[in-house]
2 protein chains.
Amino acid sequence: MPFIYEYPHPAVATDIAVFTLRRGALNVLLIERGAAPYLGAWALPGGFLQPDEELDQCARRELLEETGVDADLLMQFATFSAPDRDPRERVISVAYLALLASDELRLEASTDAAQARWFPIGDLPELAFDHDTILRRAFEVLGSRARQISPLFALLPARFTLSQLQGAYEAVTGEDAEKRNFRKTVATLGCVRETDDFAHGAHRPARLYEPVV
Amino acid sequence: MPFIYEYPHPAVATDIAVFTLRRGALNVLLIERGAAPYLGAWALPGGFLQPDEELDQCARRELLEETGVDADLLMQFATFSAPDRDPRERVISVAYLALLASDELRLEASTDAAQARWFPIGDLPELAFDHDTILRRAFEVLGSRARQISPLFALLPARFTLSQLQGAYEAVTGEDAEKRNFRKTVATLGCVRETDDFAHGAHRPARLYEPVV
DNA sequence: CTGACTTAGTGTGTGATTAACACTTAGCAG
DNA sequence: CTGCTAAGTGTTAATCACACACTAAGTCAG
């Protein structure tokens, strides 16, 4: 008899940390749990892997089901395995990270989730399970990736101003950037292309840029 | 009835890509499978997660059991979930990366593994399961981490010459480094401390260095 | 209509870092 | 003691990162 059957299998799930920008600040998407355990507590969206489903699909599906948000770019960043992290039974959780532009967002809680809400990262509630640990790790990974600029496009609309891009950079890394140097860097990287259109606000219009393929 | 019980659980396993330097070249540790499926094929060491065991422990234990090698520093880098990656039943594999100095190595195959052997990365056999994919990813991750120099210490003896360190750097990244610039970088990073001892070979003895705490 | 305000947008000089280059030194082997 | 081989070391040129201040263009209030 193969070794594979000797032990009971753990459940496998995904948890997703979705970040967006709201009023210039980085926010995380949390759901209020609609079932035990941790009924009523806030948690990362996520759920169990189905047969014949890849982890990436599972993360996307669970996010959509629980929050109404569809993220096409999910990044797996760690797997958590503490034996008692779920009181029901053993659950291995594969954690994902996603970035979304806030205008794509219409939150719709599902049956599993009493509600879905954005929380500024500086003002988080107590979280269910080990989701505080998962979220801390997600935030570290996000900060280190953001220095390559292009991951930030996912936080912005399809066309954006350089000031918006810089704002996203500052919100994610937590560091202030110098305007001219930031623009020089972006130009050197060649990761954006200017368009002929301008964003009109209360002051001088700003040229709109778009990501390069 | 909670959602958690609705579906059968997959098995969860770890697979470990252990790298070392042998005669200046990067090598990977593989085992010859001693059981079906893929009986007789080469594969990464690894095995199934036991109850109440963390993934990190599982990786270390499996590596020790199957090859006699004890690695205290294992780095989790990705989780693989293709539904048909194991023909027996569904297996989710959490992949780990380890670096070892070649003088720590005494290979001992176990019952599961017919034998354990080092393979130069340029001369790999066909691999069982999706282990070629896992290994490719491991190699990418390794290359990107090696630029920080300090991960390379794990590939070298406790005390080493700067030429050895440079050799490790070149073997892992695949790029040649310029001797004086490499030494300058290492000095600037401050990640090594010189000792009073020298390595005596066929020519001028080279000063030995050790990692800074 | 106009003036004040606010954000958009641009260039330069300086210091730091990186990259490219060749020769001297010390031990070993014959 | 001579020749070989790897160890070890400084300098220069180019590039990159950073700090810095002003002009431009539109909105809004009066």
Side-chain angles (χ1 to χ4, degrees), chain A residues 21 23-25 143-144 146-150 152-153 156-212, chain B residues 21-25 143-144 146-150 152-153 156-171 173-212:
Chain A
L21 289 174
R23 279 170 278 108
S144 67
R147 275 148 228 285
Q148 286 136 43
I149 307 279
S150 42
L152 297 172
F153 297 152
L156 299 172
R159 310 211 290 173
F160 47 83
T161 69
L162 294 182
S163 295
Q164 285 178 296
L165 184 59
Q166 182 174 345
Y169 180 89
E170 292 172 340
V172 170
T173 63
E175 298 164 19
D176 280 2
E178 207 277 328
K179 182 162 61 161
R180 276 166 296 192
N181 294 334
F182 181 80
R183 283 163 190 244
K184 210 178 303 178
T185 304
V186 169
T188 306
L189 288 176
C191 57
V192 299
R193 175 177 28 233
E194 71 177 31
T195 70
D196 294 332
D197 298 325
F198 291 82
H200 294 267
H203 300 288
R204 174 174 173 175
R207 184 178 290 276
L208 289 168
Y209 289 78
E210 60 190 13
V212 164
Chain B
L21 289 175
R22 283 157 47 94
R23 279 170 279 108
S144 67
R147 275 147 227 284
Q148 287 135 44
I149 307 276
S150 40
L152 297 173
F153 298 152
L156 298 172
R159 310 209 294 172
F160 47 83
T161 68
L162 293 183
S163 295
Q164 285 179 295
L165 184 57
Q166 181 174 345
Y169 180 88
E170 292 172 340
T173 63
E175 297 164 22
D176 281 3
E178 205 279 329
K179 182 162 61 162
R180 278 166 292 192
N181 293 334
F182 181 81
R183 283 161 190 245
K184 210 176 304 175
T185 304
V186 169
T188 307
L189 288 175
C191 56
V192 299
R193 177 180 24 235
E194 71 176 33
T195 70
D196 294 331
D197 297 327
F198 291 80
H200 294 266
H203 301 288
R204 173 174 175 177
R207 185 179 288 276
L208 290 168
Y209 289 78
E210 60 191 11
V212 164

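Being a predicted model, the structure only gives us computed values, none of them experimental. In what follows, every chain begins at residue 1, and chains take the letters A, B, ... in the order their sequences are listed.
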Query raised in the report: So A:Thr161 and A:Phe198, side chain to side chain contact (heavy atoms under 4.5 Å, CB included) or not? Walk me through it.
Result: CA-CA 8 Å; A:Thr161 69; A:Phe198 291 82; over 6 Å; no
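Residue A:Arg183 places at least one side-chain N or O closer than 4.0 Å to OP1 or OP2 of C:dG9.
For the pair A:Phe182 CZ and D:dC16 C1', the computed distance is 17 Å after rounding to whole Å. Residue B:Asp176 contributes atom CG, which lies 12 Å from atom P of C:dA20 at whole-angstrom precision. Distance A:Glu194 CD to C:dA8 P: 16 Å, rounded to the nearest Å.
A:Ser163 comes within contact range of the sugar-phosphate backbone alone, with a heavy-atom separation under 4.0 Å but no base atom that close.
Across every non-hydrogen atom of B:Val192 and B:Leu165, the tightest pair is CG1-CD2, 4.3 Å. Across all their heavy atoms, B:Arg159 and B:Gln164 have their closest contact at O-OE1, 4.4 Å.
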Query raised in the report: Which parts of nucleotides 20-30 of chain D does protein reach within less than 4.0 Å, heavy atoms only, written one letter per nucleotide 5' to 3' as B for base, S for sugar-phosphate only and - for none?
Result: BB--BBBS---
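At a threshold of 4.0 Å, the pair B:Glu178-B:Lys184 does not count as salt-bridged, since none of the basic side-chain nitrogens sits closer than that to a carboxylate oxygen.
One finds the CZ atom of B:Arg183 at 5.0 Å from the OG atom of B:Ser163 (value rounded to the nearest 0.5 Å). Atom CD1 of residue B:Ile149 and atom CD of residue B:Gln166 lie 9.0 Å apart, to the nearest 0.5 angstrom.
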